[in-house]
Structures are given as C-alpha cells and as structure tokens.
Amino acid sequence: MKTFEQANMMKRLPEQFFAKLVEQVQEVKKDHDDIINLGQGSPDLPTPEHIVEKLQEAAENPLYHRYAPFSGYPFLKEAVSKYYEREYGVSVDPKTEVAVLGGAKTGLVEVSQCFLNPGDMALVPDPGYPDYWSGIAIAGGSMYGMPLKKELGFHPDLRGIPAPVLYEAKLMFLNYPNNPTGAVATEELFAEAIELAEEYDICVVHDFAYSAIGFDGQKPLSFLQVEGAKNVGIEMITLSKNYNMAGWRIGFAVGNPSVIKAIETLQDHYFCSLFGGIQAAAAHALLSDQSNVTTLVQTYEERRNALVKAARAIGWDVEAPKGSFFAWFPVPSGFTSEEFATYLLKKARVVVAPGKGFGEHGEGYVRVALLADIAKLEEAMGRVGKLDVFSNKRG
Ligand SMILES: Cc1ncc(COP(=O)(O)O)c(C=O)c1O
C-alpha cells in the first residue's frame, strides 16, 4: 500500500509522551484485572441526570436538526454571560465576548493558530497541559517554558522571564487550578500577568478548565475578575470537569473581543458550531441549580483528604492539592518520574502519570488523579506502601 508523505506541519506535532505508558498498561492488563488507573484525567462520575434529560428533550426539537448558527446559538452565549455575572460578578457581552468551543482543548489549539506566525513565541507553563504545545506546533511557533516551582507555589516567576523573551512573546498560557500541580492562582499572580501583558503586548490565555474545583472553601479566581484582564486576554472554561461532561465536548472562550472574533473567524472555516441539543443542555447546565457542582467538589475534596492521609501513612511526604482533581507527588530518590511510574505499574498495578510528560520541570513528580473512589485510592496507596520505597518510613 502507498504511504503518502505528510505535510511538514504534521511532522512538527509533539510526540505523545503518555502513549508508552498506555501501551505498558495494556501489557500488564493482559495478566491482571486489578489495575488502579490514576494516570488519566477523564472524570469517573456521570453527567447529572437533569442535564442528560435536557439533551434528550432537545434531541426531539426539529430546530436542532438543522445547521446551528455558525458561531453558536445566542441563548447559549447569553447563558455564559449570566454565568459569569452570577459566579464572578464579571460582566461579559454575549455578542462580542463569548465564543463557543468544541471543548476547551479546541480553543487552546485554535488560539495559537489565530495569533502565532511561524517563529513567534508563546509562553507556556512547565509543567503544563500538553495541548498548548500542539497548537503552537501547528502554527509553527516556538515555546518558552515558564518553570512552575514548588518554592513559588507552582506559580511562574513572571518578572524572572528575560526581557528579550517577553519582547518576542505573543501569547502567554496560564492555568489555575493547575493541571498537573493542583496549585491555585492568586490575585497578585494575575495582576502581574496583566501588567506584563500590557507592557510587552502579549495576549494572556487563562485555561480555567477546573474553574469550580477549589478546596478548603476557596472558590478559584477567574482571570476576568482581576482589573484589566479583558484588555489583555481571554479565559477558557469547559463543562467537561464541573459537570462531568467530558464526552459532550463543549466549552467557551470569554474575554477580549478581538481574540473572540479571531477564534470565531477561524472556526467559521472549520466547523458549523455544535449540535443544538448539546448547546441547549449546556445552557441549562450553566443556569440551573448548581448543587451537583457543589457535591462534586465535596467528593473530590473527600477523595483528596483520603489520598493524602493514606500517602502520608506509608511515609510519602506529599502536599495536598488546593484545586483541580490532581495531586502532584514527589518521586522518591533513585527514580526518574518515568521509572517510578513504570515501577508502580509493574509492582503495584497502580497507574500514575510521570511528571516529565508535562515538561522538563515536571521531572521529580508524578501526577495522581482523584478519579477513583476512596476505597480504591486507599488500596492504591496500600499497595505502593508495600514496596517500601520511602526512606523516611524505613529510616
Ligand atoms: C488544563 C486542561 N485544560 C483543558 C482541558 C481540556 O478540556 P476540554 O474537555 O474542555 O477540551 C483539560 C482536560 O484534561 C485540562 O486538564
């Protein structure tokens, strides 16, 4: 069979770091049916029933069987605007400041295509969500990794970025609550990002995928709540996590009208919006009673508490994440993150994601997802404890 030569853009796409781990998991699965997979980021609980019912009802509406308006139904954009007003006290013009996305992932890739010419630079968190790299690679841009270090609460040292890099940068990606570190933002961090963005003419893209998932009574901060944010950037939100709707593929970009317009223009060439029934159900999710979201956050917090307690009990010196549904645990000495993940898979049949997969500064950590019930999380830590790899327990 003929093999066709792919375009240069395809060759620039970053390698899927986690593919090897997925392969190893499949291999171990052949002989064991007791793997506990805490390596991935797909919510384990179902979408609230009232949202599913709204989709069922909407599926019967012939209006939604037709093409939807290219940039999405106005009622959905109005719902997003009301949501921002209600949740954050932020006013958003539904006509010019909201774009409908096929999930935040799509928007995060599109924004690089909209604003980066070949060779242009984007600032990305390191460690960070790998899809930022994909969009930058498609656009032919280059990346500067902003290290997220424990001593700075996993915030980037924005003033430490060299001035020549800032002059070249066109985009800055930020993400809080953070995947993979579980850190949350502060107003100071966002204010500093806004100041820098003004000074160096950078567009800030705040990935707010875990917008509702903050622990210990702390509601995560929206970038748009900080003065001047809309002038320099946008925020992406998604229904994937807050409403367990990852398979539905719906999210939004909200903020600076010129950025929203660019995303919508690009999308006009790719898509004809999303199925109207999903848009109706999404509007319903945003505007209806939010008690399912509250319960979900409580569930993750209980899981976090159980996981951290169980990890500490086996001698693992870990910190509790403040938000998202990930814990960022240090790798014991003598292992790289990849070696440790492989070791846990082979010896304990527990899957975690090696930190290196999220960037150079992810080395030394593994990401553990809170996406299993408490009994499973405790069982996982129990199995890891039997390996006796934490010296402070042995010592
Ligand atoms: C940080 C971050 N951003 C964006 C996404 C993608 O969200 P969506 O399902 O809306 O595409 C994820 C999903 O794992 C994520 O962790």
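For ligands, and for the atoms within them, numbers begin at 1 and follow the listed sequence. All heavy atoms count here, side chains included; hydrogens, waters and symmetry mates do not.
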> Is the NZ or CZ atom of K241 both under 6.0 Å from the centre of the six-membered ring of F208 and within 45° of that ring's axis?
Replying inline: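 No, K241 does not sit over the ring of F208.
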
Under a 3.5 Å distance rule, please check whether [X] uses its side chain to pair with a backbone N or O of [Y] as donor and acceptor.
X: W316; Y: P330; value: yes
X: R349; Y: I35; value: no
X: S337; Y: K356; value: yes
X: D126; Y: E360; value: yes
X: R367; Y: P354; value: no

> Counting only heavy atoms, which portion of L108 has something under 4.0 Å from ligand 1: side chain, backbone, both, or neither?
Replying inline: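 Side chain only; the backbone of L108 stays clear of ligand 1.
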
Find all atoms of ligand 1 within a distance of less than 4.0 Å from any non-hydrogen atom belonging to [X], and give their numbers and elements.
X: A209; answer: 2 (C), 3 (N), 4 (C)
X: Y210; answer: 1 (C), 14 (O), 15 (C), 16 (O)
X: T238; answer: 8 (P), 10 (O)
X: G103; answer: 10 (O), 11 (O)
X: N175; answer: 1 (C)
X: K105; answer: 6 (C), 8 (P), 11 (O)
X: S240; answer: 8 (P), 9 (O), 10 (O)
X: K241; answer: 12 (C), 13 (C), 14 (O)

>> Consider side chain to side chain contact (heavy atoms under 4.5 Å, CB included). Of E195, E199, E198, which one does V232 pass it with?
In response: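 With V232 as partner, E195, E199, E198 yield a single side chain to side chain contact (heavy atoms under 4.5 Å, CB included), made by E198.
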
> Between R249 and ligand 1, does any nitrogen or oxygen pair lie at a separation below 3.5 Å?
Replying inline: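 Yes - when backbone and side-chain N and O of R249 are compared with those of ligand 1, one distance drops under 3.5 Å.
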
> What residue and heavy atom of the protein are closest to atom 15 (C) of ligand 1, and at what distance?
Replying inline: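 That would be Y129 CE1, 3.5 Å.
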
> Considering only the protein, which heavy-atom contact is closest to atom 2 (C) of ligand 1, and what is its distance?
Replying inline: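 For this ligand atom, the closest protein heavy atom is D207 OD2, 3.3 Å.
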
>> Within the supplied structure, the quantity of interest is the number of heavy atoms (other residues, nucleotides, ligands) at a distance under 6.0 Å from E49 CD; does it exceed 12?
In response: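 Check fails, neighbour count at 12 or below.
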
>> Could you check whether K150 pairs with E319 (Lys NZ or Arg NE/NH1/NH2 to Asp/Glu carboxylate O, under 4.0 Å)?
In response: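 Result for this pair is yes, salt bridge flagged.
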
> Nearest heavy atom to atom 8 (P) of ligand 1: which of A246, A104, P180 does it belong to?
Replying inline: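 Heavy atom nearest to atom 8 (P) of ligand 1 belongs to A104.
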
